[in-house]
**Q** 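Below are the structure tokens for one structure; questions will follow.
Chain letters run A, B, ... following the sequence lines, proteins first and then strands; every chain starts at 1.
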2 protein chains.
Amino acid sequence: MLPMNTATPQTRYHIAEIGSLLSDPARAAILLALMDGTIRPAGELARMAGIAPSTASAHLRKLTDGELLAVIDQGRHRYYRLANDRVAQMIENLSVAGIGAPASNPWRGDPVMLRARTCYNHLAGALGVAVFEKIRAADGFALSGEAVHLSEAGSRRLKQVGLLDNDDAVDGIPGRTCVDWTERRFHLGGKLGAWLTTRLFEREWLRRRTSTRALTATTVGRNGFSALGLEWDRL
Amino acid sequence: MLPMNTATPQTRYHIAEIGSLLSDPARAAILLALMDGTIRPAGELARMAGIAPSTASAHLRKLTDGELLAVIDQGRHRYYRLANDRVAQMIENLSVAGIGAPASNPWRGDPVMLRARTCYNHLAGALGVAVFEKIRAADGFALSGEAVHLSEAGSRRLKQVGLLDNDDAVDGIPGRTCVDWTERRFHLGGKLGAWLTTRLFEREWLRRRTSTRALTATTVGRNGFSALGLEWDRL
DNA sequence: GCAACGTTTCGTCGAATGTTGAAACATTGG
DNA sequence: CCAATGTTTCAACATTCGACGAAACGTTGC
């Protein structure tokens, strides 16, 4: 046997391992079902993937062993979730490249998804990117590498538009920059991103569309974003 | 059977299909071998992956059918290459998330790779991002979406530092913004990125390290980058 | 305790996939 | 035209992997 490429000794197995986890439609369905950041029990995931509970159990075991999923024990239920937002990002990226007509890609075609959607547990799409940019433009973020923290100015800005109260403690919440695959720019991820997104739901700025990751802005939200310098209708 | 998730009808199969292609170590090795943008004949890829030519042929067929690879017929040789830089990017992204200790990720640990490397056929890493930023800061790019073209000012800047000649016709070459996974910023991809990178090799600013995608700057290159406002040693 | 419920384990079946050598096909160069 | 070289096809084999039902395991609530 002639000498082979030794430059990437373990990476190939690493890639193959992740590929194996993604190579099954049932597992893909499970991952996609959790892409909105929800936490779901095994039986429900089985139903959503269209397979028997026992089959799902095997798949879930593989996915957790592979550290793509994490599990939360709660009595006779076992709730599964994506291990972290990197996994979500990876999956979002995956379906963009490669096979088939670009039309088969939901993010290429669906303007509703392009405008505003959740990526794992935080805001993505044109709106996600725009919000990130507006806050950053106001020096609202302390950035170092991919780490993000809300600055003094950022807190002030959020209070101005009514998204932050005086007794909220968000200074310490760590965020991360997250690449928005449709916009090819950054949006806010990490715990800070999740917090802000939760707040947008609480304050009723945004509402989830049924059975999609797409989001719509309420009238309150439109006004709020407008106060941030963003016009929903122009996104 | 209870109702299942109909929100993503075909995406799951799409993901599973790409996952299947990545799920084999031999195929992963083939893809990794082409990650530096090289074009290689089937036999060589077989050798690099450590498999028989007949086996490699089967894998290559799958990869081309899946549009992850493209093939260039040239006499009795068939040269394979990555289908496009999206595929390269997807693979680079893949190995970041998921299984195993982060230490097993080459881009996390290797400072040489972090500083300058090729992504498919163009420049990436800290240098790639910095070059993109410097040219952009000088209004050197016409940006629209992910499309990039070199502007008047950009041509002028490149001529100043000796990377562009008067008889070069680069106005029409289409570039694309490409997300740099280690830096979490943009660098220049597409045909324009490939052109610039080729030019950097031609002018001997950069040299490939043996058997890696990592790059080193020559003395000429250091001076050149310095003229662009970049200090190689500070990257 | 006991019944109901959710989840996992186990055994088995069938389909899909990777592997190879030998043979066929294609191209080049004498 | 023929030999050498590179690539693909073919047939056969071994292995892996997903699917399911039945049974075991664990938890909750009466």
**Q** Measure the distance from CD on Glu17(A) to P on dC17(D) and round it to the nearest whole Å.
**A** 11 Å
**Q** Go through dA19(D), dT9(C), dG6(C) for me and flag the one nearest to the Arg61(A) side chain.
**A**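 Nucleotide nearest to Arg61(A)'s side chain: dT9(C).
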**Q** In whole angstrom, what separates Leu63(A)'s CG from dT8(C)'s P?
**A**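 Roughly 12 Å, once rounded to whole Å.
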**Q** Hey, which sits more toward the 5' end of DNA chain D by its nearest nucleotide, Gln74(A) or Ala26(A)?
**A**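 So the residue in question is Ala26(A).
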**Q** If the cut-off is 4.0 Å, is Tyr80(B) near the phosphate of dT8(D), judged by side-chain N/O to OP1 or OP2?
**A** yes
**Q** Taking only N and O in the side chain of Thr55(B), is any of them less than 4.0 Å away from OP1 or OP2 of dT20(C)?
**A** yes
**Q** Under 4.0 Å between a side-chain nitrogen and a carboxylate oxygen: does that hold for Glu92(A) and Arg213(A)?
**A**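 Arg213(A) and Glu92(A): salt-bridged.
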**Q** I want to check one thing: is the phosphate of dT8(D), taken as OP1 and OP2, less than 4.0 Å away from some side-chain N or O of Arg78(B)?
**A**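 Result: yes.
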**Q** To the nearest Å, how far apart are Ile72(A) CD1 and dT27(D) C1'?
**A** 18 Å
**Q** With a cut-off of less than 4.0 Å, is there a side-chain N or O of Arg27(B) near OP1 or OP2 of dG18(C)?
**A** yes
**Q** Between Asp24(A) and Pro53(B), name the one whose nearest nucleotide on DNA chain D is closer to the 5' end.
**A** Pro53(B)
**Q** Could you tell me how far apart Arg40(B) (CZ) and dT7(D) (C1') are, to the nearest whole angstrom?
**A** 18 Å
**Q** Quick one: Asp73(A) CG to dT28(D) C1', roughly how many Å, whole number?
**A**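 That distance rounds to 15 Å.
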**Q** Is there a side-chain contact between His59(B) and Ile51(B), using heavy atoms and a 4.5 Å cut-off?
**A** yes
**Q** Out of Leu63(A), Ile39(A), Leu69(A), which one pairs with Leu34(A) under the side chain to side chain contact (heavy atoms under 4.5 Å, CB included) rule?
**A** Leu69(A)
**Q** May I ask you to verify if any side-chain N or O of His59(A) is less than 4.0 angstrom from the OP1 or OP2 atom of dA19(D)?
**A** yes
**Q** Salt bridge or not for Asp24(A) and Arg12(B), using N-O below 4.0 Å?
**A**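 No, this pair does not count.
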**Q** Nearest 0.5 angstrom please: Leu22(B) CG to Leu94(A) CG, how far?
**A**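 With rounding to 0.5 Å, CG (Leu22(B)) is 7.0 Å from CG (Leu94(A)).
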**Q** Identify which nucleotide among dC20(D), dT20(C), dA19(D) has an atom closest to any side-chain atom of Ser54(B), counting heavy atoms from C-beta outward.
**A**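 From the listed options, dT20(C) comes nearest.
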**Q** Rounded to whole angstrom units, what separation is found between the CD1 atom of Ile30(B) and the C1' atom of dT19(C)?
**A**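 Rounded to the whole Å, the gap is 13 Å.
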**Q** Looking at dT9(C), dT7(C), dA19(D), which one has an atom nearest to any side-chain atom of Pro41(A)?
**A** dT7(C)
**Q** How close or far is atom C1' of dG30(C) from atom CZ of Arg76(B), stated in whole angstroms?
**A** 11 Å
**Q** Whole angstrom is fine here: how far is it from NE2 in His77(A) over to C1' in dA4(C)?
**A**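 Spelled out: NE2 on His77(A) to C1' on dA4(C) is 12 Å.
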**Q** Does dC17(D) have OP1 or OP2 sitting under 4.0 Å from an N or O in the side chain of Lys62(A)?
**A**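 For Lys62(A), the contact criterion (side-chain N or O under 4.0 Å from OP1 or OP2 of dC17(D)) is not met.
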